[in-house]
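Down below is the structure, laid out as structure tokens.
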Amino acid sequence: MTRPGRSGVRPPMPAACLVASKVMSNSPGGATGTQANALDTAADVAGPTRSDPQAIEARWQQRWHDEGTYHVDNDDPRPPFYVLSMYPYPSGPAHMGHVRNYTMGDLLVRYRTMRGDGVLSPIGFDSFGLPAENAAIKTGTHPRIHTDRNIEALSASLRRIGAVYDWRRAVKSHEPSYIHWTQWIFLKFYEAGLVYRDSAPVNWCPGCQTVLANEQVLGDGTCERSGDLVERRDMEQWFYRITAYAQELLDDMDRVDWPEKVKVMQRHWIGRSEGAEFGLPIADAGGEARTDVEPLTVYTTRPDTSFGMTFAVISPEHPRVDELTTDDQRSAVDDFRASVAGRSEIDRLSTEGTLDKRGVATGGRVVNPFNGRPIPVFLADYVLMTYGTGAIMAVPGEDQRDWDFAKAHGCDIIRTVQPPDDFDGEAYVGDGPAINSGFLDGLEIGEAKAAAIDWIAENDLGAGKVNYRLRDWLLSRQRYWGCPIPIIYCDECGEQPLPADQLPIELPDDVEFMPTGRSPLTTHEGFLSATCPSCSGSARSETDTMDTFVDSSWYFLRFTDLWNDEVPFSPEAVRHWLPVDQYIGGVEHAILHLMYARFFTKALADLGVAPKELREPFQRLFTQGMIRLGGSKMSKSKGNLVAPEAILDDQGADALRLAHLQVKPPQEDVDWEDFGIDGCAKFLNRVWRLAVPGSDLGADARTGDPTEADAEVDRATHRLVARITDEYDRWSYNTAIAGFMEFTNTLYRYVQTDDGPHAATLDAAVDALLLVMSPAAPHLCAELWEVRRGGHVHLEPWPEADPSKLVDDTITMVVQVNGKVRDRVEVPSDVEEEAAVAAALASDKVVAALAGGEPRKVIARPPKLVNVVV
RNA sequence: GCGGACGUGGCGGAACUGGCAGACGCACUGGCUUUAGGAGCCAGCGCCGAGAGGCAUGGGGGUUCGAAUCCCCCCGUCCGCACCA
């Protein structure tokens with residue numbers, strides 16, 4: 001029953017039924033009121049049944065940008081709320097993964113602003129990194145040019161999806177003003193002993209004469225560029241001493257509101273284990289313990305099983321291999337070590353290969369101090385020099401790998417934990433009393449561990465020890481496009497930190513990119529030559545640069561105080577905004593980035609750079625799912641990207657945003673094939689047609705007193721507000737979109753009833769819809785709000801539902817017989833139990849089921865349900 | 001192997017604390033409108049059955065008046081970590 005459109009505009013009606021939650025006395029940031037002429041614009045850009053996303057979106061994006069609508073200052077009086085989407089690596093225009101991530105962040109920024117918070121919404125660029133350098137080698141474009149270009153493209157894309165930021169605060173990792181403080185922090189850490197230099201194995205390509213990142217080593221262990229077999233070489237590298245914070249990083253996981261999955265991954269990565277470290281005396285030819293040489297130190301988590309130790313295994317890299325090897329085993333040991341050295345770590349850590357091939361006897365023996373027996377020492381590739389002491393005691397009775405190894409090499413097996421009678425396996429790892437264990441016999445595992453550790457300590461063999469899997473962070477990269485490490489090497493004075501007043505060290509631009517992949521800094525004379533800060537003699541600069549994870553470990557702090565040129569940020573600014581109230585990003589950063597950023601925050605707080613009380617940077621974390629196409633992750637490297645541009649040109653940003661929000665719960669992975677962009681575009685048109693002045697819908701609206709049907713729509717409006725508020729708060733964006741659609745369907749039915757809609761009721765309903773939808777579909781809602789009401793929807797206070805209007809007077813009560821739905825009856829919403837039961841028993845279906853008898857039991861849950869048990 | 005998430009129509013999903021399974025969207029079907037091509041509006045749409053009704057949330061058991069939801073055992077999918085002593 002649509003009718004020809006009536007010209008003219010309905011007068012703006014106050015949303016009388018909606019109670020403003022907060023009156024905002026000031027507009028956020030530097031919004032200056034250049035109000036566009038609303039009605040003219042609407043007429044220009046769209047018709048009564050069809051919106052014009054291109055015109056509307058461009059106009060509002062320009063306006064948000066020009067007016068600085070989402071700029072916020074540090075002295076903003078509103079409650080601070082920090083929303084942060086992980087800053088992107090600028091790889092070019094946005095891809096769908098970006099759209100998903102930044103749409104969700106943007107929704108939250110707009111929502112919290114309407115709720116009355118002063119929302120800090122910064123954006124920046126993780127602009128150092130290998131791809132820019134590889135592009136330079138390939139195309140000759142300087143990484144700086146390449147990067148700046150990509151930042152421009154990505155910035156434009158972000159604006160095109162309607163994402164709003166305080167662009168004044170944009171951090172770019174590669175700019176001197178950021179490099180300066182990354183280096184300054186490095187020096188602070190250096191001073192505090194949190195940075196050190198040590199040798200570490202790296203992937204070395206003999207063809208390119210350079211170090212390779214793990215990603216550049218192909219599966220067969222060759223270099224992706226030259227095809228040469230990559231070697232493992234020990235080289236001097238820089239490390240951050242993240243292990244100093246291992247325990248705190250573990251403990252404080254309990255303080256943050258993160259997905260359990262991410263917490264578990266971090267806990268596992270830190271990998272705390274409790275056990276004991278103690279010495280096994282070296283045995284002489286007669287099997288007696290020697291006292292003239294240091295014992296071999298082993299680490300175990302099962303000191304309770306020590307009586308079952310029948311051999312020991314050490315890492316091929318262990319410094320005491322030569323000493324323990326006997327002459328007759330020398331050549332076998334040397335061969336074994338050579339074969340291990342030539343293999344990649346991946347290969348070595350794989351479980352392929354039989355244990356007899358993966359280990360070799362040294363011929364040497366040590367003494368099990370618990371029972372005084374001599375036991376053989378083996379080498380095995382699976383014992384890692386980097387964990388524990390690089391030497392283990394082997395207890396085949398209680399460890400399956402030790403069991404297998406013992407079988408392969410003919411070692412004894414002694415059980416020291418009594419397995420249950422029905423146990424028919426090999427190694428037994430369960431609970432039970434200790435056996436064959438001298439003074440430990442009869443003790444349960446926990447007690448036996450404690451007793452064994454006491455005994456170890458009493459006999460001066462060692463002590464209880466906690467170990468962590470977490471290793472220090474190797475931060476140096478033999479690359480050009482990264483933050484230079486502010487260290488100078490002087491022949492006289494050695495390694496010297498650069499004085500802070502000489503910062504920043506910038507990257508020289510006049511460099512030649514070598515097809516070998518070798519850093520051009522190593523041959524750039526101007527960069528290399530330096531003056532020793534200590535003796536003023538000639539010296540040379542460090543040519544390694546920092547891992548880009550260093551840049552991303554503190555950018556969220558810099559956002560609070562980007563203009564500071566005295567320190568990286570003032571503690572006051574950080575205290576105002578941190579911790580980040582909501583951090584949003586991909587789960588692929590669950591370990592590295594999030595661990596490093598936590599470490600930096602703790603260390604900076606302890607050094608007095610950040611506020612001391614700031615122990616965690618990100619209070620709440622949300623990890624959104626990735627987007628797949630054809631079953632695999634959408635990514636540039638897989639070449640299965642869908643570019644947003646065509647969709648933005650066609651259906652527009654609001655439709656694309658809605659499709660991202662609607663398709664699936666935000667934390668889940670999603671297949672591109674499941675997106676319904678056309679459906680969202682159609683829905684937006686339905687909203688447009690309903691809301692735009694001059695539309696045919698609602699043209700016959702009534703004035704006067706509202707009827708019961710109008711009151712029902714009014715209640716639905718309040719329920720919508722309550723529902724969407726709740727769903728935004730709990731990240732249930734897909735159901736929020738369903739809520740918009742459901743409500744819009746309700747209003748379509750309403751405007752087409754025979755009586756026609758009530759003007760004030762309809763206006764209030766549409767206004768409420770535009771308000772709650774405006775964080776999700778910002779352009780359309782802003783446009784419609786402006787033409788209907790004047791002003792800016794995103795500066796309106798968030799609507800609040802009237803609790804008295806959330807329920808209807810009557811409700812449909814379910815009547816069950818034996819738990820099965822048999823009838824439905826209308827009852828008052830506040831029905832008492834007695835009346836509810838009476839209504840249920842009066843139901844024909846219940847009467848029939850009872851067949852004159854009495855119910856055995858009646859369960860009443862008024863006003864929703866009555867269950868009659870017969 | 002260890003850890004985590006999960007399994008609901010043709011499809012994506014909804015059902016927040018046990019209480020009408022399938023909201024909302026896609027696809028499909030029908031109607032209206034005469035719409036020039038991907039339009040709009042309305043309606044139908046889990047399965048079986050003519051119907052009353054019955055059966056349905058991976059399978060099997062259990063707890064409960066009542067289970068998609070809680071417990072146990074299987075089966076399957078996805079994602080981490082994978083020889084950490």
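Every chain is numbered from 1, with letters handed out A, B, ... down the list of sequences.
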State whether [X] places a side-chain N or O below 4.0 Å from either non-bridging phosphate oxygen (OP1 or OP2) of [N].
{"X": "Lys820(A)", "N": "rC55(B)", "result": "yes"}
{"X": "Arg272(A)", "N": "rC84(B)", "result": "no"}
{"X": "Arg302(A)", "N": "rC84(B)", "result": "no"}
{"X": "Gln752(A)", "N": "rC42(B)", "result": "yes"}
{"X": "Lys864(A)", "N": "rG19(B)", "result": "no"}
{"X": "Arg824(A)", "N": "rG19(B)", "result": "no"}
{"X": "Tyr299(A)", "N": "rA85(B)", "result": "no"}
{"X": "Ser732(A)", "N": "rC16(B)", "result": "no"}

Could you work out the separation of [N] and [M] based on their [atom1] atoms and round it to a whole Å?
{"N": "rG58(B)", "M": "rG76(B)", "atom1": "P", "answer": "16 Å"}
{"N": "rG44(B)", "M": "rG9(B)", "atom1": "C1'", "answer": "15 Å"}
{"N": "rA67(B)", "M": "rA21(B)", "atom1": "P", "answer": "11 Å"}
{"N": "rG25(B)", "M": "rC45(B)", "atom1": "C1'", "answer": "14 Å"}
{"N": "rC24(B)", "M": "rU69(B)", "atom1": "P", "answer": "24 Å"}
{"N": "rC71(B)", "M": "rG18(B)", "atom1": "P", "answer": "11 Å"}

Nearest listed nucleotide, side chain of [X], among [options]:
{"X": "Gln816(A)", "options": "rG19(B), rA82(B), rC41(B)", "value": "rG19(B)"}
{"X": "Tyr387(A)", "options": "rA85(B), rC65(B), rC42(B)", "value": "rA85(B)"}
{"X": "Ile859(A)", "options": "rC81(B), rA85(B), rG19(B)", "value": "rG19(B)"}
{"X": "Val264(A)", "options": "rG12(B), rG3(B), rC84(B)", "value": "rG3(B)"}
{"X": "Arg822(A)", "options": "rG54(B), rC42(B), rC20(B)", "value": "rG54(B)"}
{"X": "Val814(A)", "options": "rC20(B), rC84(B), rC42(B)", "value": "rC20(B)"}

If a protein heavy atom is under 4.0 Å from the base, mark B; if only from the sugar-phosphate, S; if neither, -; do that for nucleotides 23-30 of chain B going 5' to 3'. BSSS----

On the side chain of Glu673(A), is there an atom forming a donor-acceptor pair with the base of rG12(B) - under 3.5 Å, no angle test?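 Check fails, no donor-acceptor contact within cut-off.
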
Pi-cation contact, Tyr428(A) with Arg415(A) (under 6.0 Å, within 45°):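 No, Arg415(A) does not sit over the ring of Tyr428(A).
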
Name all stems that contain residues of RNA chain B, defined as runs of 3 or more consecutive Watson-Crick or G-U wobble pairs, both distances under 3.5 Å.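 Counting only runs of 3 or more consecutive pairs, the stems involving RNA chain B are B:1-7 with B:75-81, B:10-12 with B:24-26, B:28-32 with B:40-44, B:46-48 with B:53-55, B:58-62 with B:70-74.
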
Please check if the number of heavy atoms outside Lys864(A) that lie under 6.0 Å from its NZ is greater than 12.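 Not buried by this count: 12 neighbours or fewer within 6.0 Å.
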
